[in-house]
Amino acid sequence: MTSTPGTGPDAAGTGAEPHGSDGRPAKPAKRARGGLLGWLREIGIILAVSIVLSFIIKTFLFKAFYIPSESMVPTLEENDRIFVNLMIPRNAALQRGDVVVFKDTKGWLPSLPPSTPNPVTEALEFVGLLPDTSQQHLIKRVIGLPGDHVVCCDASQHITVNGAPLTEPYVNPAETPRPMPFDVTVPQGTIWVMGDNRNHSSDSRFHDAAQPGSGFISLDDVEGKATVIAWPLNRIQVLDNYPGTFSAVPSPR
């Protein structure tokens, strides 16, 4: 028994096309593409991936902060937004001249007034899409590392580190710094920090003078090294730690 070509059970594409009522070949039905729901699903996936990546970045690599004061002028202006490298000092050592953000565990700043929690803002801060305001932070420049002998000032009114005078191009040129004498040896596990706007920075000098020992910042409190100004757009730049300023500083004894 033979079968007509194109009509057997294994035939593929050899039979006649179906026709519509007008005798013309019928058009194949279009598959539903999901419409609005499919588009919303794709947007949701993109947002979810972005949030996860942002959270990972702000937890392990970089974190955003904003500058609330003039203590680091001209390097940083009030309301600048910066990115901080969290790998330093977690995975790499700090250097003299680095600009660092650290937690205010010693109460250098006045207490914040109570504020009404904003769940949206808190969520965006948590995932890293807004600068962190969950706790008080400060930003200063590292002048002395553990073991360094830091003194103000020599006969030329220069700060010295381990006997080497510093020429500091980052200090605010608009004002002549008022000398505030100090003579400290930085304990192990801590750093000595100062603002670039020396006459308007309540830094290690002031707090050590008020209570000796309170001017040293624990390395455990350092969030990271400020690396980039990200906002405003006309101020985007990589921050310098001025290695030439500290190149002649000998190792501590």
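Heavy atoms only: backbone and side chains are in, while hydrogens, waters and symmetry mates are out.
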Review point. Would Glu175 and Asn199 count as having a side-chain donor-acceptor pair, cut-off 3.5 Å?
Key: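 Checked: Glu175/Asn199 side chains pair up, N/O donor to acceptor below 3.5 Å.
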Is there a donor-acceptor contact under 3.5 Å from the side chain of [X] to the main chain of [Y]?
X	Y	answer
Ser71	Ser201	no
Asn197	Met72	no
Gln136	Gly107	no
Arg205	Ser202	no
Thr245	Thr167	yes
Arg81	Asn79	yes

Review point. Salt-bridged, Arg141 to Glu168, with N to O below 4.0 Å?
Key: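 No.
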**Study point:** Lys/Arg-Asp/Glu bridge criterion (N-O < 4.0 Å) met for Asp98, Lys225
**Key:**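 Judged by the 4.0 Å cut-off on N to carboxylate O distance, Asp98 and Lys225 do form a salt bridge.
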For [X] and [Y], which heavy atoms make the closest approach, and how far apart are they?
X	Y	answer
Val186	Trp192	CG2-CB, 3.9 Å
Arg235	Asp80	NH2-OD2, 2.8 Å
Val84	Phe65	CG2-CD1, 3.5 Å
Phe83	Ala64	CE2-CB, 3.9 Å
Pro89	Leu219	CG-O, 4.3 Å
Lys106	Ser214	CD-O, 3.5 Å

Counting C-beta onward and ignoring hydrogens, is there a side-chain heavy-atom pair between [X] and [Y] closer than 4.5 Å?
X	Y	result
Val193	Leu138	no
Ile229	Ile82	yes
Pro177	Val171	yes
Val100	Ile217	no

Side-chain donor-acceptor pairs of residues 142-165 under 3.5 Å, sequence neighbours excluded:
{"unit_1": "Asp148", "atom_1": "OD1", "unit_2": "Arg96", "atom_2": "NH2", "d": "3.0"}
{"unit_1": "Asp148", "atom_1": "OD1", "unit_2": "Asn162", "atom_2": "ND2", "d": "2.9"}
{"unit_1": "Asp148", "atom_1": "OD2", "unit_2": "Arg96", "atom_2": "NE", "d": "2.8"}
{"unit_1": "Asp148", "atom_1": "OD2", "unit_2": "Arg96", "atom_2": "NH2", "d": "3.3"}
{"unit_1": "Asp148", "atom_1": "OD2", "unit_2": "Leu145", "atom_2": "N", "d": "2.8"}
{"unit_1": "His149", "atom_1": "NE2", "unit_2": "Asp183", "atom_2": "OD1", "d": "2.6"}
{"unit_1": "Asp154", "atom_1": "OD1", "unit_2": "Ser156", "atom_2": "N", "d": "2.9"}
{"unit_1": "Asp154", "atom_1": "OD1", "unit_2": "Gln157", "atom_2": "N", "d": "3.0"}
{"unit_1": "Asp154", "atom_1": "OD1", "unit_2": "His158", "atom_2": "N", "d": "2.7"}
{"unit_1": "Asn162", "atom_1": "OD1", "unit_2": "His149", "atom_2": "N", "d": "2.8"}
{"unit_1": "Asn162", "atom_1": "ND2", "unit_2": "Pro250", "atom_2": "O", "d": "2.8"}

Review point. Is Phe216 linked to Phe182 within one hydrophobic cluster, defined over Ile, Leu, Val, Met, Phe, Trp and Tyr using a side-chain heavy-atom separation of less than 4.5 Å?
Key: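 They do share one cluster, since a chain of ILVMFWY contacts under 4.5 Å joins Phe216 to Phe182.
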**Study point:** Ring geometry between Phe102 and Trp108 (parallel below 30°, tilted from 30 to 60°, perpendicular above 60°)
**Key:**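 Answer is perpendicular, since the angle exceeds 60°.
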Exercise for review: With rounding to the nearest 0.5 Å, note down the distance linking CD1 in Ile139 to CD1 in Ile67.
Suggested key: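 Atom-to-atom, Ile139:CD1 and Ile67:CD1 are 4.0 Å apart.
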Check your understanding: Roughly how far, to the nearest 0.5 Å, is the CE atom of Met180 from the CE atom of Met194?
Key ->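 If we round to the nearest 0.5 Å, Met194:CE and Met180:CE are 9.5 Å apart.
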Check your understanding: For Lys140, which of Asp203, Val99, Asp196 qualifies under side-chain contact (heavy atoms from CB on, under 4.5 Å)?
Key ->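 Running side-chain contact (heavy atoms from CB on, under 4.5 Å) over Asp203, Val99, Asp196 with Lys140 returns exactly one hit, Asp203.
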